[in-house]
Amino acid sequence: MNCLFLPSGQAPQAEAAATAVYLVPEALSSASVTAPASVNLGSATPGSTTTVQLGQVKVTSSNQMRWTATVSATDFTTGRGSAAETIARGNLSYWSGPAVSKSGPGTFSPGQPTAASKVALDIARTAFSYASVSPSGTSCVWQPTLVMSVPASAVAGTYTGTVTHSVA
């Protein structure tokens, strides 16, 4: 999913769309993930933070006893991506929140059930996981939240970056 960040007073110029990533770790895998293609993070002044729900993320599986959905991010950049034109992915925090809906037997576990358990996206993180004693059709939907801390040295501009959900 592409995200758009607009510093205060800036109007959106354009939003780029990305498709959800589908990772096949083994031949029998049949889990897939869908997420919104793009999200506008709004605007914030340098030295402040902005918080937005990313929209619903859904994992569907037809025959897996377990799966793990991960989330990762790129740096957000504007202009030529100089140091002052970059918001490093470590300045992004994420929490999955609880399941909005789920179907199938087994245990669905959020990676970060509350804001207090949010994690920096400096590395890939577990967003949600599932485990069962027998293969069955399942689905799980959650609505994650992203927090961006804008460095005090950030210059005005439209920053874009990518937040990716994958499942294995």
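Residue numbers run from 1 in the order of the sequence given.
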I need the full list of ring-ring contact (aromatic ring centres under 6.0 Å, His included) pairs touching residues 38-64, with sequence neighbours left out, sorted by first then second residue. none
If you define the side chain from C-beta out and look only at heavy atoms, does anything of Val57 sit under 4.5 Å from Thr34? no
Identified side-chain contact (heavy atoms from CB on, under 4.5 Å) partner of Phe108 from the options Ser101, Cys140, Ser103: Cys140
Ser96 (side chain) donor-acceptor with Ala127 (main chain) under 3.5 angstrom: yes
Thr74 side chain vs Thr162 backbone, donor-acceptor pair below 3.5 Å: yes
Checking the side chain of Ser132 only, and the main-chain atoms of Pro135 only, is there a donor and an acceptor separated by less than 3.5 Å? no
Looking only at side chains, do Thr60 and Ser139 share a donor and an acceptor under 3.5 Å apart? no
Donor-acceptor side-chain pairing of Asp75 and Thr86 below 3.5 angstrom: no
Does any N or O in the side chain of Ser149 come within less than 3.5 Å of the main-chain N or O of Thr49, such that one atom is a donor and the other an acceptor? no
By side-chain contact (heavy atoms from CB on, under 4.5 Å) - contacts of Val119 (at least two apart): Gln112, Arg125
Quick check: closest heavy atoms across Ala154 and Pro46, and the distance to 0.1 Å? O-CG, 3.5 Å
Rounded to the nearest 0.5 Å, the CZ atom of Phe76 sits from the CG atom of Leu41 at a distance of 5.5 Å
Supply the atom-to-atom distance Asn91 CG to Leu121 CG, rounded to the nearest 0.5 angstrom. 11.0 Å
Using 0.5 Å steps for rounding, measure from the OG atom of Ser134 to the CG atom of Asn63. 11.5 Å
Working note: Ser166 + Thr70, criterion side chain to side chain donor-acceptor pair (under 3.5 Å); need CA distance, chi angles, decisive distance, verdict. CA-CA 5 Å; Ser166 59; Thr70 59; 2.8 Å; yes
Heavy-atom pair of closest approach, residues Pro151 and Ile87: CD-CG1, 3.8 Å
Parallel, tilted or perpendicular, judged at 30° and 60°: which one describes the rings of Tyr130 and Trp67? parallel
If hydrophobic clusters are built by linking Ile, Leu, Val, Met, Phe, Trp and Tyr wherever their side-chain heavy atoms come under 4.5 Å apart, do Leu92 and Trp95 end up in the same one? no
Cluster link Val141 to Val167, ILVMFWY, side chain under 4.5 Å: no
Could you tell me which non-hydrogen atom of Thr50 sits nearest to which non-hydrogen atom of Ala44, and how far apart they are? CB-CB, 4.1 Å
Could you grab the distance from atom OG1 of Thr68 to atom CZ of Phe128, nearest 0.5 Å is fine? 11.5 Å
Quick one, Val39 with Val52, criterion side-chain contact (heavy atoms from CB on, under 4.5 Å). Give me CA distance, side-chain angles, the key distance, then yes/no. CA-CA 9 Å; Val39 175; Val52 66; 4.3 Å; yes
Pick one: which of Thr145, Val147, Leu54 meets side-chain contact (heavy atoms from CB on, under 4.5 Å) with Tyr94? Leu54
If we only count heavy atoms from C-beta on, is the Ser30 to Ser62 side-chain gap below 4.5 Å? yes
Working to the nearest 0.5 angstrom, can you tell me the gap between Lys118 NZ and Leu146 CG? 10.5 Å
Filter on ring-ring contact (aromatic ring centres under 6.0 Å, His included), then keep only pairs touching residues 35-54, sequence neighbours left out; what's left? none
Looking only at atom types and distance, does a side-chain atom of Glu85 sit under 3.5 Å from a main-chain N or O of Arg80, one as donor and one as acceptor? yes
Please find the pair of heavy atoms, one from Ser153 and one from Ala84, that lie closest to each other, and give the distance. O-CB, 3.7 Å
Can you tell me how far OG of Ser93 sits from CG of Asp122, rounded to the nearest 0.5 angstrom? 9.0 Å
